[in-house]
Amino acid sequence: MQSSDDLSEIIAATAGHPGPIGVFDSGYGGLTVLRSLIRELPEADFIYLGDNARAPYGNRSFDLVYRFTLQAVRYLFARGCQLVILACNTASAKALRSIQQRDLPALDPARRVLGVIRPTAEIIGGITRTGSIGLVGTPGTVASRSYDMELAKLHPGIRLYSKACPMWVPLVENLEADGPGADYFVRRDLQALMDMDRDIDTIILGCTHYPLLLDKIRQYVPPSVTVLPQGDIVARSLADYLHRHPEMDARITRGGTVEYITTEQPDKFSQLAAVFMGSPVEAVRHDLQ
Ligand code: DGL
């Protein structure tokens, strides 16, 4: 295991050298984003890091989510990533701004850490017809009011109604997304959301685990409601970002490889990740500190 000082030295040594794109999530959910990223940027190299040992993050304090996410970013930087995507709404809501403003200047000001909330908020204006939007997310994401703030800046006319769904991530992480327990919680929470305003015509899946519940979610909202997973939105936004930032684009290696790292049991991760990805996965374990 490397000490924090070792990591800082390695980060300094890898500054400016091309590397893979880092993709981080508390567990499996970010794989829904990784899949879209690979489809959009098939030649790029990726490292996926899931902090399965400490997932879910959704009920954790601001301070802990920040601390865990910073450890993940530092590790991915030390692995040579010049660009890290927080493929996790909870980490994007609770840690991204602090990392961008407080830590990045000291770690390496040329590297970038990007989240999933801004790109999602950006496209909403072009989708809703009624101006009434629903958000489902973890308690942490909803309590942070990050979507409310982004939407107020970008589309001030839009009304946002949010529902925290604390049971949805545990259902996915425990392979119960297809079971009857999932029906109970998905129906209950979506009903509570739709009861807030009958004009809701778009629902943001503000947690990267939720696309695994997509069939059930569609079952319990009126067919006229657009359900919005984030993977493709984030992938298109990243492609656009790289187009506008050729200096970052040049610092991504392009061998078409994907490396999977988990902080828990690699066998279990590999098995489930293969289902998410639709191809074999061989994960290795790394403990964050
Ligand atoms: N997939 C994550 C998100 O988008 C986190 C879920 C969790 O760990 O609670 O919010």
Side-chain angles (χ1 to χ4, degrees), residues 22-37 48-73 84-97 99 113-121 134-150 162-177 182 185-186 189 203-214 217 227-235 237-238 260-264 268-269 272-273 275-277 288:
V23 180
F24 171 68
D25 181 52
S26 60
Y28 298 107
L31 293 168
T32 63
V33 176
L34 178 68
R35 234 189 124 128
S36 298
L37 289 170
Y48 183 87
L49 172 61
D51 191 7
N52 299 77
R54 303 185 291 195
Y57 280 13
N59 290 309
R60 292 191 183 276
S61 67
F62 183 97
D63 191 50
L64 264 190
V65 173
Y66 164 66
R67 197 136 43 92
F68 292 169
T69 306
L70 181 58
Q71 289 173 350
V73 167
V84 172
I85 309 291
L86 301 185
C88 173
N89 287 267
T90 312
S92 298
K94 292 183 153 190
L96 180 61
R97 188 180 295 246
I99 290 175
V113 182
L114 304 175
V116 290
I117 293 176
R118 175 99 191 181
T120 309
L135 167 74
V136 282
T138 65
T141 297
V142 169
S144 75
R145 301 186 61 79
S146 297
Y147 277 95
D148 307 65
M149 289 185 275
E150 287 297 340
S162 306
K163 176 79 185 95
C165 307
M167 288 305 292
W168 292 19
V169 169
L171 285 166
V172 172
E173 293 274 323
N174 290 292
L175 309 183
E176 289 290 343
F185 288 107
V186 169
D189 293 341
I203 296 179
I204 301 172
L205 300 189
C207 171
T208 53
H209 283 65
Y210 294 176
L212 271 290
L213 293 161
L214 196 55
I217 293 168
V227 178
L228 216 56
Q230 297 174 296
D232 291 351
I233 300 169
V234 173
S237 167
L238 179 61
Y260 296 90
I261 299 167
T262 174
T263 55
E264 248 281 353
K268 185 177 166 213
F269 182 92
L272 190 65
V275 177
F276 272 79
M277 301 305 292
L288 291 172

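One-based numbering, in listed order, for ligands and for the atoms of each.
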Does S162 reach the main-chain N or O of L135 with its side chain, forming a donor-acceptor pair under 3.5 Å? no

Heavy atoms only: give me the nearest G206-Y147 pair and the separation to one decimal. CA-OH, 4.0 Å

Are any protein N/O atoms closer than 3.5 Å to the N/O atoms of ligand 1? If there are, list each pair with names and the distance to one decimal place.
residue	atom	partner	partner atom	Å
ligand 1	1 (N)	D25	OD1	3.1
ligand 1	1 (N)	T208	OG1	2.8
ligand 1	1 (N)	H209	ND1	2.6
ligand 1	4 (O)	N89	N	2.8
ligand 1	4 (O)	N89	ND2	3.2
ligand 1	4 (O)	T208	N	2.9
ligand 1	4 (O)	T208	OG1	3.3
ligand 1	8 (O)	S26	OG	2.6
ligand 1	8 (O)	Y57	N	2.7
ligand 1	9 (O)	Y57	N	3.3
ligand 1	9 (O)	G58	N	2.7
ligand 1	10 (O)	N89	N	3.4
ligand 1	10 (O)	T90	N	3.1
ligand 1	10 (O)	T90	OG1	2.7

Quick one: does T263's side chain have a donor or acceptor within less than 3.5 Å of a partner on L288's backbone? no

Any chance you could measure S36, atom OG, to L238, atom CG, to the nearest 0.5 Å? 11.5 Å

How many angstroms lie between atom CD1 of I117 and atom CD of Q230, to the nearest 0.5 angstrom? 8.0 Å

State which residues pass side-chain contact (heavy atoms from CB on, under 4.5 Å) with L175; sequence neighbours excluded, sorted by chain then number. L272

